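Since the model is a prediction, treat every value here as computed from it, not as a measurement. Every chain is numbered from 1 and lettered A, B, ... according to where its sequence line falls, protein lines coming before strand lines.
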Amino acid sequence: MSIDSIRVSLKEDHVSEDMLQRMYELMWTMRYMDRRSVAMQRQGRLGTYAPLEGQEAAQIGSALALRSQDFVFPSYREHGVAYVHGMPLERILLYWNGRYDGCIPPDGVNLFPVSVPIATQIPHATGAALAAKMRADDQIVVTYFGDGATSEGDFHEAMNFAAVADLPLIFFCQNNGYAISVPLRKQTKVKQIAQKAAAYGMEGITVDGNDVIEVYLAMRSAVEKAANGGGPTLLEAITYRIGSHTTADDASRYRDASEVEMWKARDPIARLEKVLRERDIFSDTWVKELRERAESVVNEAIVAMQSEPPVSLDQLFDYVYQDMPEELAMQKQTALLRQTKGVDGRG
Amino acid sequence: MSIDSIRVSLKEDHVSEDMLQRMYELMWTMRYMDRRSVAMQRQGRLGTYAPLEGQEAAQIGSALALRSQDFVFPSYREHGVAYVHGMPLERILLYWNGRYDGCIPPDGVNLFPVSVPIATQIPHATGAALAAKMRADDQIVVTYFGDGATSEGDFHEAMNFAAVADLPLIFFCQNNGYAISVPLRKQTKVKQIAQKAAAYGMEGITVDGNDVIEVYLAMRSAVEKAANGGGPTLLEAITYRIGSHTTADDASRYRDASEVEMWKARDPIARLEKVLRERDIFSDTWVKELRERAESVVNEAIVAMQSEPPVSLDQLFDYVYQDMPEELAMQKQTALLRQTKGVDGRG
Amino acid sequence: MANTTIIGAIADALRVAMRRDERVMILGEDVGVNGGVFRATEGLQEEFGEARVMDTPLAESAIIGASVGLAVNGMIPIAEIQFLAFVYPAYEQLVSHVARIRMRSQGRFTVPLVVRAPYGGGIRAPELHCDSPEVIFAHTPGLKVVVPSTPYDAKGLLLAAIADPDPVLFLEPMHIYRSFREEVPEEYYTVPIGKARLAQSGTDCSLFAWGAMLQVAMQGADMVRKTHGVSVEVIDLRTLSPLDRMAIRDSVLKTGRAVVLHEAPRNAGLGAEIVATINDLALDALMAPVIRVTGYDTPYPLFALEDVYVPDAARVAQGIMQAMNYEIGARL
Amino acid sequence: MANTTIIGAIADALRVAMRRDERVMILGEDVGVNGGVFRATEGLQEEFGEARVMDTPLAESAIIGASVGLAVNGMIPIAEIQFLAFVYPAYEQLVSHVARIRMRSQGRFTVPLVVRAPYGGGIRAPELHCDSPEVIFAHTPGLKVVVPSTPYDAKGLLLAAIADPDPVLFLEPMHIYRSFREEVPEEYYTVPIGKARLAQSGTDCSLFAWGAMLQVAMQGADMVRKTHGVSVEVIDLRTLSPLDRMAIRDSVLKTGRAVVLHEAPRNAGLGAEIVATINDLALDALMAPVIRVTGYDTPYPLFALEDVYVPDAARVAQGIMQAMNYEIGARL
Ligand SMILES: Cc1ncc(C[n+]2csc(CCOP(=O)(O)OP(=O)(O)O)c2C)c(N)n1
Ligand SMILES: Cc1ncc(C[n+]2csc(CCOP(=O)(O)OP(=O)(O)O)c2C)c(N)n1
Ligand SMILES: [Mg+2]
Ligand SMILES: [Mg+2]
């Protein structure tokens, strides 16, 4: 299977106008939320944050192709995926404020918590897909990761396992060209991540990750394939992160401004806007309305985040095990006493 | 790069008659040694042993293509490689008797000790090849592993690293169709291990691992390529282990007798014998002589192994660190007292 | 009742658990047609099929990582690791995920996983087949660590581990897999996780051990009883995390002296935590330093040296006598 | 002399070592043009080139595994692991190889490797950036574990680690990377591995700490001096393996009481080994149980809870007073 031959050339005709507008609104919402998050981090109102700007199409496009029963195993930058799949924005924000609420999707939302160690969520997805296959219900699994993640052993082991077991699983790689400061050419000698699928006898597909329609359609067919017993797919979306790796990073140390400018010119939102205009479903009033809607959704989430009750010691002690061991119960009591009386229970 | 197109079709003409005879003698020596080892294990004169019968061509053919300066990082079944590269047979035997002498090659023999955890020696080879490249002396590195090993994360991480850094390194896979009881089709979905090279932008080559000449020639060109800055190669030798995984295993539980018979018919020694006969360099007297030579070499090694001095506590305590920590020195003293007086120094 | 060994009891527990609950499945290397390298899963693939008894690729991180995904998606996986040291490539999955998913998700996702692994020395095995790194996992909050030392406990503890809503590392002392038999009920039963077992009551000195060392402990206790009339209380800890701290305290309060026995290196081994537990809860009763009889602070050696390395009854007896003969100093 | 921070001293040590010895090289994620996420390798790739300061693929097992190959083939690698918890995927390489190659080959092959990693809590970092699993590696014979707590020691210990013929895990307390400055010689010097440092002499109670906790220890000691006139001896262990057991013993023989302080969970933490060392060598002198002031037996929490988790000066002070106020019981 040659890589060039599998590069999908899909037409936007397959996508309804409603869906196109929905894509636009979601991308816009996430961009607004992203910029607000970066700003809040600078003001000390949020912890270290991983911005997604530039990757909206890859995230929104792929997540929109999922059904609610599908199980998502994200990395740490997939705020857009999480939101589309049902995670409230305020919980996403709470995560970046070091709050456990950010790891708890509402009931019925099949979203695993953020995985910080690179590539480690990929085998989880493999196991979940195996469970789905054993149960033979109509669930598929998708896991998200970056280009850097493909160098880790866990990526390899999970890909191989999934291929052998022929699982209903999509490996979605957001190839943004960098792992923090390390460019793709120092990460791997192949030109496209999708080529790696060949090692596993798996199908590998590369799409333009800044074209939300192409992402959506490619994802939709991978979902259909998986749901119909066609096995796993490695889907690579080539994209770029416009911002720094996280708010603790300074991307100007390792990336040329000209490269960033080039990618800004490929902005996924502007590209979709062009399509909407061609289709004549873009108007200033519509945009104004959706922006207001998006801003108020985000602003409400920020208010909700900020009005969360303070952390409780229960969160620290009550979920290590289902039944708290005696010694841990004593430690909790000590901590509680310290908190209420300012003293150690034993002191 | 298509797998079918890279399958080498080499002619035995390139190999001198001397070399052919040497191959034969070495293969015969290893087979005799192997069978004696299995027998000794049954008699309780050797620990658990990993037999190589059936894989002589892959091992001898590849090792003969190395230069003495080349650094070998083996797995646990490469007795043939070790012997050709300069490891005395009695030390190989000592290894299987739980003796450290089996991990110590003579000075000047660039052979790393056996690596028991699967695939973990592969990154070592990558690092050693990086050192060789940095020094720019004429050394290449080769690492040996099985088909099962290619499923481990360490295989992947090392392959990727070596490809990116363009190292003078050969990844030599003895694909014997099984990882203990697990057949290749449960190990990977690809038909040939060499296909995995595609994921790394590396050259992958499959050879008939029971054809010592083909192995030798393929290895020789991979060595030349590496030595001339051509980068790493994944070289797969398709072969079969005739015996059980180790003397603790019973292969009849998971392999059909008919399959074993089929592979016995492809015996690498018999195949080379055919070539020798065609070339008219095979005679009964020559064979008789070499067999006697081989047997006496092996028998001497067995005698040498059996007359090794008993283990010493120095071996347990003196090589944990270059300078023994105080506490460890006290532990050693206690152990010594126990050994000489039968009591604990403090007891 | 069946008269069986530890490995027999384990195989029996697996079968019983799989018959009781469809969600229980086994995955690992060579667990299928081969029945596991020690035959713990013998016949199970025949009975339950290839899906529920699955030979995986040779990839431990994927085995544990996939088990997480199986567990959070409705299954109860039992992962077999061929020898405990081969769980090292899955260390990240165990420590960063298996142990933390309940806490990370505040109970929204849980990992009812059992990881089974043979461990310990004494069988003339190749390198890295004999490590005893139990303390590493005991130091990992969120994991439970269980080690049986008898066939009865092996079955009951394994069934309890499978029923446990949290991840359990179930360590099997391979040295005594087949070394003795015992009557074991054929039906389902559990032995509670977190409770030590009084293997032998005594008055002069407490001796803490687990797994294959339990036998050695009993022999050592027997030696000092015969040679010096010392009455040793032997406690089989059974669960290494969470430790039965009360059992440790109560025994030392009674005897005033203690010896800890393990195969792992001494430095920062689980013995240290037992000493620290006694320090925390029973220091006043202590009439001598707690003696640690352990492996030396070296890697587990190649097998020609293992008899020197692994504690034997004589070393245990010496440790007990060291505790007995200690002359208490001017402690204040 | 330069007035610098811990991170400054580390960067300086790396530069000095690379200038002195061509075999010294650095490999890791983002160590090149980015200079490391904490800037420890800033400017080094410019000075020494891409070969000697190498950005690797994102693969920790390969980083440590390749370091083994580099070391046995003539180089002196310094591997940077971005945060200590990300060494977990390389756990097998560290424990099964790095720590054992000298012993396995009886000195024929050695691994003069330094693994540097920032660790510890208190910087509001994402999950798994704050683990303190030092005891895991202290329990591994063949490894040395070193933690500086001052700029002077950071440079001297790192240069000693690079010169050491054996593998050293060099743990950097990132919480105090930049929190204070100190005069540090510009030339080459070493601080010996294996020797604790007397941070403050005292007579009533010994307090053992390392890394970022040293500051907290000093503050706690100060509190009890002011509030109760207690004179605390503070020992900075500096090397966690092999432990300076004599320094621990001597201090407790002098003070008769002890507190151990660490960030890691208490159960089977390094504190337990320090208690056990006191039990081994100074039990008679002990007038109270050794108190462990540590993280709780839970995973390191998300950062909104980290202030509750990480021990502070008040907890240290309470621990000291607990030791001071202990009423010795009927110990015999
Ligand atoms: C095992 C592990 N090693 C290192 C890190 C530190 N780290 C966090 S993100 C990152 C780069 C990831 O790059 P990529 O996979 O391309 O994802 P991206 O951030 O570009 O989305 C690194 C090295 C980590 N989190 N986990
Ligand atoms: C990390 C690890 N996991 C499991 C094992 C147990 N084990 C020893 S050999 C083997 C199979 C290896 O198969 P392969 O790589 O094909 O090599 P072969 O034995 O066929 O030469 C297994 C699973 C091990 N040694 N190391
Ligand atoms: Mg990336
Ligand atoms: Mg094989």
Exercise for the section: Rounded to the nearest 0.5 Å, what's the gap from CD1 on D/I320 to CZ on D/R225? Could you check? Expected result: 11.5 Å

Handout entry: Which portion of D/T298 sits near chain A, non-hydrogen atoms under 4.5 angstrom
Key = both

Practice task
Would you check if there is a donor-acceptor pair between the side chains of D/H129 and D/Y300 at a distance under 3.5 Å?
Solution key: no

Exercise for the section: Identify which part of A/I118 has an atom lying under 4.5 Å from any heavy atom of chain D, answering side chain, backbone, both or neither. Expected result: side chain

Fill in the blank from the handout: By residue number, those in residues 238-252 of chain A with heavy atoms under 4.5 Å from heavy atoms of chain D are A/D249

Problem - Check: A/E236 side chain, A/I193 main-chain N or O, donor-acceptor pair, under 3.5 Å - result: yes

Practice task
Go through A/F145 and A/F73 one step at a time and tell me if the ring-ring contact (aromatic ring centres under 6.0 Å, His included) criterion holds.
Solution key: CA-CA 9 Å; A/F145 50 88; A/F73 290 78; over 10 Å; no

Exercise for the section: Can you tell which part of D/D312 gets under 4.5 Å to a heavy atom of chain A, answering side chain, backbone, both or neither? Expected result: side chain

Handout entry: Modelled atom types, side-chain donor and acceptor of D/D297 and A/Q331, under 3.5 Å
Key = yes

Exercise for the section: Examine whether an atom of D/V33 lies under 4.5 Å from a heavy atom of chain A, and if so say whether it belongs to the side chain, the backbone or both; otherwise answer neither. Expected result: both

Exercise for the section: With chain D as the partner chain, list the residues of residues 305-316 of chain A whose heavy atoms fall under 4.5 Å from it, by residue number, and write 'none' if nothing qualifies. Expected result: A/V311, A/S312, A/L313, A/Q315, A/L316

Exercise for the section: Keeping the roles fixed (side chain from D/H175, backbone from D/G122), state whether a donor-acceptor pair exists under 3.5 Å. Expected result: yes

Practice task
Count the heavy-atom pairs under 4.5 Å between each of D/E29, D/E42, D/Q82, D/E306 and chain A, then report the option with the highest count.
Solution key: D/E42

Practice task
Say whether, by atom type as modelled, one donor and one acceptor occur between the side chain of D/R266 and the main chain of D/V293 under 3.5 angstrom.
Solution key: no

Exercise for the section: Anything in residues 48-60 of chain D with a heavy-atom distance to chain A below 4.5 Å? Please list those residues in order. Expected result: D/E50, D/D55, D/T56, D/P57, D/L58, D/A59, D/E60

Problem - Region of D/Y296 that comes under 4.5 Å of a non-hydrogen atom in chain A - result: both

Problem - Closest-packed option against chain D by number of heavy-atom pairs under 4.5 Å, given A/Y76, A/Y254, A/Y100, A/W96 - result: A/Y100

Exercise for the section: Examine distances only and state if a side-chain atom of D/R39 and a backbone atom of D/G36 form a donor-acceptor pair shorter than 3.5 Å. Expected result: yes

Problem - Check: D/E47 side chain, D/G43 main-chain N or O, donor-acceptor pair, under 3.5 Å - result: no

Handout entry: Check: D/D30/A/S181 side-chain N/O donor and acceptor closer than 3.5 Å
Key = yes

Practice task
Give a yes or no on whether the backbone of D/T5 and the side-chain of D/R178 come within a donor-acceptor separation of less than 3.5 Å.
Solution key: no

Problem - Spatial distance of atom CE (A/M159) from atom CD1 (A/I122) [nearest 0.5 Å] - result: 8.5 Å

Exercise for the section: Assess the pair A/F112 and A/Y144: is the distance between their ring centroids shorter than 6.0 Å? Expected result: no

Fill in the blank from the handout: Looking only at A/L328, A/T48, A/N97, most heavy-atom pairs under 4.5 Å shared with chain D are made by A/N97

Handout entry: Main-chain N/O of A/L52 paired to A/Q55 side chain as donor or acceptor, under 3.5 Å
Key = no

Exercise for the section: Count the heavy-atom pairs under 4.5 Å between each of A/A149, A/S151, A/G98, A/A335 and chain D, then report the option with the highest count. Expected result: A/G98

Problem - Donor + acceptor pair across side chains of D/Q322, D/Q318 (<3.5 Å) - result: no

Problem - ring-ring contact (aromatic ring centres under 6.0 Å, His included) partners of A/Y321, counting only residues at least two apart - result: none

Practice task
Would you check if D/Y88 and A/P117 make a side-chain contact, meaning some heavy-atom pair closer than 4.5 Å?
Solution key: no

